[in-house]
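Read through the structure below, which is laid out as structure tokens, and then see the notes.
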Amino acid sequence: MPADGIALSPKTSLMTADEIFAIAQTFVKNGVDKIRLTGGEPLLRKDFPEIVSKLAELEISLSITTNGILIDRHIEVLKQFKVKKINLSLDTLISSKFHSITLRNQFEKVIDNLHLLLNNDFEVKVNVVLMKGFNDNEIIDFIKLTQFLPISVRFIEFMPFAGNEWDRSKMVSQNEILSLVENSFAEDEIKKLEDEKNFTARVYKIKNFQGNFGIISSITNPFCDSCNRIRLTADGKIKNCLFSNSETDLLKALRNGESITNLISESIQNKKKVRAGMVTIDEMDDPKKHFDNRSMIAIGG
């Protein structure tokens with residue numbers, strides 16, 4: 001989060017709970033069976049319980065991605081509407097680093113809420129965006145967490161977005177992560193698990209550890225050929241790829257009483273084969289390719 005924050009969207013430009021439900025219904029009618037509320041921080045919305053209660057009426061698997069700070073406040077809502085899969089964003093296990101990222105002294109609160117989730121039988125994935133010189137020295141510490149906790153740690157390669165000063169030299173690649181793991185554990189202790197259908201993470205497990213760890217290698221080893229993710233932003237626009245600069249406005253059409261089915265189909269049909277058209281890493285080094293994409297904290301969804 002920038003020190004001076006970001007410009008907030010006017011409330012009138014954001015989807016209401018009813019509009020989220022109406023658009024979600026259309027997606028479900030067209031085959032979507034999983035919905036994840038992400039952000040930004042979804043638990044900041046005052047109508048979060050209403051949104052969850054409406055989406056829970058659909059025949060879907062419902063999950064959230066959260067920074068974990070407000071989990072204790074909403075845990076009964078999550079349990080009531082059977083939101084059992086939680087992705088917790090946590091880029092460091094060091095309190096001072098946590099403060100430098102979030103500008104908040106909430107590290108202990110997040111750790112407490114991680115244990116609260118596990119104690120209430122939630123399925124927890126911990127998302128870790130890696131950057132050289134910042135948290136790459138914590139990779140093994142995160143993996144060691146899986147020895148005693150039934151969590152799945154997801155290491156995410158640093159990706160280019162507007163305003164995040166992306167530089168390939170800051171990125172920790174899949175190969176670098178695996179090399180570090182191979183130097184820290186015996187070869188017969190490291191097991192590659194079978195990739196899930198439409199996977200984003202290639203998953204590994206250390207022998208006799210409760211949890212596992214995965215690598216989301218969007219830059220060095222993309223999974224675009226099996227990706228079936230579509231993101232709907234908080235202001236009702238489809239991004240058919242996280243890297244994409246182009247968006248399709250569903251909310252405007254919905255508010256005008258128009259059908260949004262064709263717009264959804266069109267957007268999906270226009271999805272590029274690889275990373276919104278950035279086929280090589282060299283192309284990703286060109287800021288002109290991604291400077292007008294939203295910043296990650298402003299994408300929402």
Side-chain angles (χ1 to χ4, degrees), residues 34 36 61 63-68 71 84-98 101 107-108 110-159 168-227 229 281:
K34 294 181 181 179
R36 173 178 298 280
S61 166
S63 57
I64 69 166
T65 296
T66 172
N67 62 26
I71 280 290
K84 297 297 291 182
K85 296 181 179 181
I86 313 292
N87 280 22
L88 186 70
S89 298
L90 181 64
D91 295 327
T92 180
L93 297 172
I94 299 171
S95 181
S96 59
K97 285 186 187 180
F98 182 93
I101 300 170
F107 176 73
E108 287 77 14
V110 173
I111 296 301
D112 286 345
N113 279 337
L114 168 61
H115 287 284
L116 178 64
L117 288 169
L118 294 176
N119 290 338
N120 282 274
D121 298 321
F122 285 83
E123 295 178 40
V124 180
K125 294 178 182 175
V126 176
N127 291 343
V128 186
V129 177
L130 291 175
M131 289 181 65
K132 279 183 181 170
F134 181 74
N135 61 354
D136 55 329
N137 61 341
E138 298 185 62
I139 291 171
I140 300 305
D141 292 332
F142 270 105
I143 291 174
K144 286 181 177 177
L145 274 185
T146 71
Q147 180 175 1
F148 303 107
L149 299 177
I151 61 175
S152 185
V153 174
R154 294 292 196 258
F155 296 117
I156 304 171
E157 291 181 342
F158 186 41
M159 297 163 57
R168 198 200 308 187
S169 67
K170 297 178 183 178
M171 183 192 66
V172 184
S173 70
Q174 172 179 283
N175 286 343
E176 289 171 310
I177 297 167
L178 290 177
S179 178
L180 186 60
V181 172
E182 289 162 2
N183 289 332
S184 302
F185 299 95
E187 184 179 350
D188 63 353
E189 290 183 308
I190 307 166
K191 180 183 180 183
K192 170 72 172 66
L193 302 183
E194 185 177 347
D195 292 330
E196 297 177 354
K197 184 182 178 182
N198 306 118
F199 71 92
T200 56
R202 295 171 174 89
V203 185
Y204 301 80
K205 185 178 180 68
I206 304 300
K207 187 177 180 180
N208 296 326
F209 280 25
Q210 289 192 48
N212 57 56
F213 70 95
I215 304 170
I216 299 177
S217 52
S218 305
I219 307 298
T220 65
N221 192 13
F223 40 83
C224 303
D225 57 342
S226 66
C227 176
R229 271 72 174 174
I281 295 181

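Counting from 1, the numbers follow the sequence of the chain as shown.
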**Complete:** Between Thr92 and Phe107, the two heavy atoms sitting closest are O-CE1, 3.5 Å

**Atom pair OG (Ser169) and NZ (Lys132), whose distance is rounded to the nearest 0.5 Å** = 7.5 Å

**Asked** Okay, side chain of Ser173, backbone of Glu176: is any donor-acceptor separation there less than 3.5 Å?
**Response** yes

**Request:** Answer yes or no: is there a donor N or O on one side and an acceptor on the other, between the side chain of Asp136 and the main chain of Leu130, under 3.5 Å?
**Result:** no

**Item:** Spatial distance of atom CZ (Phe142) from atom CG (Asn135) [nearest 0.5 Å]
**Value:** 7.0 Å

**Message:** Just so I know, are the side chains of Ile143 and Ile139 near enough to count as touching, which here means a heavy-atom distance under 4.5 Å?
**Reply:** yes

**Request:** Mind checking the CG-CG spacing from Leu114 to Leu90? Nearest 0.5 Å is all I need.
**Result:** 7.5 Å

**Item:** Contact check, side chains of Leu145 and Leu93, non-hydrogen atoms, under 4.5 Å
**Value:** yes

**Request:** Using atom types as modelled and distance alone, determine if a side-chain donor or acceptor of Lys205 lies under 3.5 Å from a backbone N or O of Leu193.
**Result:** no

**Message:** Has Asn198 got a side-chain atom pairing as donor or acceptor with Cys227's backbone, closer than 3.5 angstrom?
**Reply:** no

**Asked** Would you find a donor on one side and an acceptor on the other, under 3.5 Å apart, between the side chain of Thr220 and the backbone of Ser217?
**Response** no

**Message:** With a 4.5 Å cut-off on side-chain heavy atoms, are Asn87 and Arg36 touching?
**Reply:** yes

**Request:** Determine, stepwise, if the pair Asn212 / Thr146 fulfils side-chain contact (heavy atoms from CB on, under 4.5 Å).
**Result:** CA-CA 6 Å; Asn212 57 56; Thr146 71; 6.0 Å; no

**Interatomic spacing from CG in Leu118 to CG in Asn113 - rounded to 0.5 Å** = 11.0 Å

**Side chains of Phe185 and Phe209 in contact at under 4.5 Å (non-hydrogen atoms)** = yes

**Asked** Is it the case that more than 12 heavy atoms not belonging to Lys144 sit under 6.0 Å from its NZ atom?
**Response** no

**Message:** Could you check whether any side-chain N or O of Glu157 sits under 3.5 Å from a backbone N or O of Gln174, counting only pairs where one atom can act as donor and the other as acceptor?
**Reply:** yes

**Request:** Verify, without hydrogens or angle tests, whether Asn183 (side chain) and Leu180 (backbone) share a donor-acceptor contact under 3.5 angstrom.
**Result:** no

**Asked** Once the angle between the rings of Phe213 and Tyr204 is folded into 0 to 90°, is it parallel (under 30°), tilted (30 to 60°) or perpendicular (over 60°)?
**Response** parallel

**Prompt:** Are more than 12 heavy atoms from other residues, nucleotides or ligands located less than 6.0 Å from atom NZ of Lys84?
**Reply:** yes

**Request:** Begin from the C-alpha positions of Arg154 and Val203 and carry the test side-chain contact (heavy atoms from CB on, under 4.5 Å) through to its verdict.
**Result:** CA-CA 8 Å; Arg154 294 292 196 258; Val203 185; 3.8 Å; yes

**Asked** Would one find more than 12 heavy atoms of other residues, nucleotides or ligands at under 6.0 Å from atom CD of Glu196?
**Response** no

**Message:** In the structure I gave you, are the side-chain heavy atoms of Asp195 and Phe223 within less than 4.5 Å of one another anywhere?
**Reply:** no

**All pairs passing side-chain hydrogen bond (donor to acceptor under 3.5 Å, both in side chains) where residues 118-129 contributes a residue, at least two apart** = Lys79-Asn120

**Message:** Is any side-chain heavy atom of Phe155 closer than 4.5 Å to one of Val172?
**Reply:** no

**Request:** May I ask you to check whether over 12 heavy atoms, not counting those of Lys192, lie within 6.0 Å of atom NZ?
**Result:** yes

**Non-hydrogen side-chain atoms of Leu116 and Phe122 separated by less than 4.5 Å** = no

**Request:** First locate atom CD1 of Ile151, then atom CG of Leu149, and finally report the distance between them rounded to the nearest 0.5 Å.
**Result:** 5.0 Å

**Request:** Kindly compute the distance separating CD1 (Ile177) from CZ (Arg202), expressed to the nearest 0.5 Å.
**Result:** 11.5 Å

**Asked** Under 3.5 Å, is there a donor-acceptor pair between the Asn67 and Ser89 side chains?
**Response** no

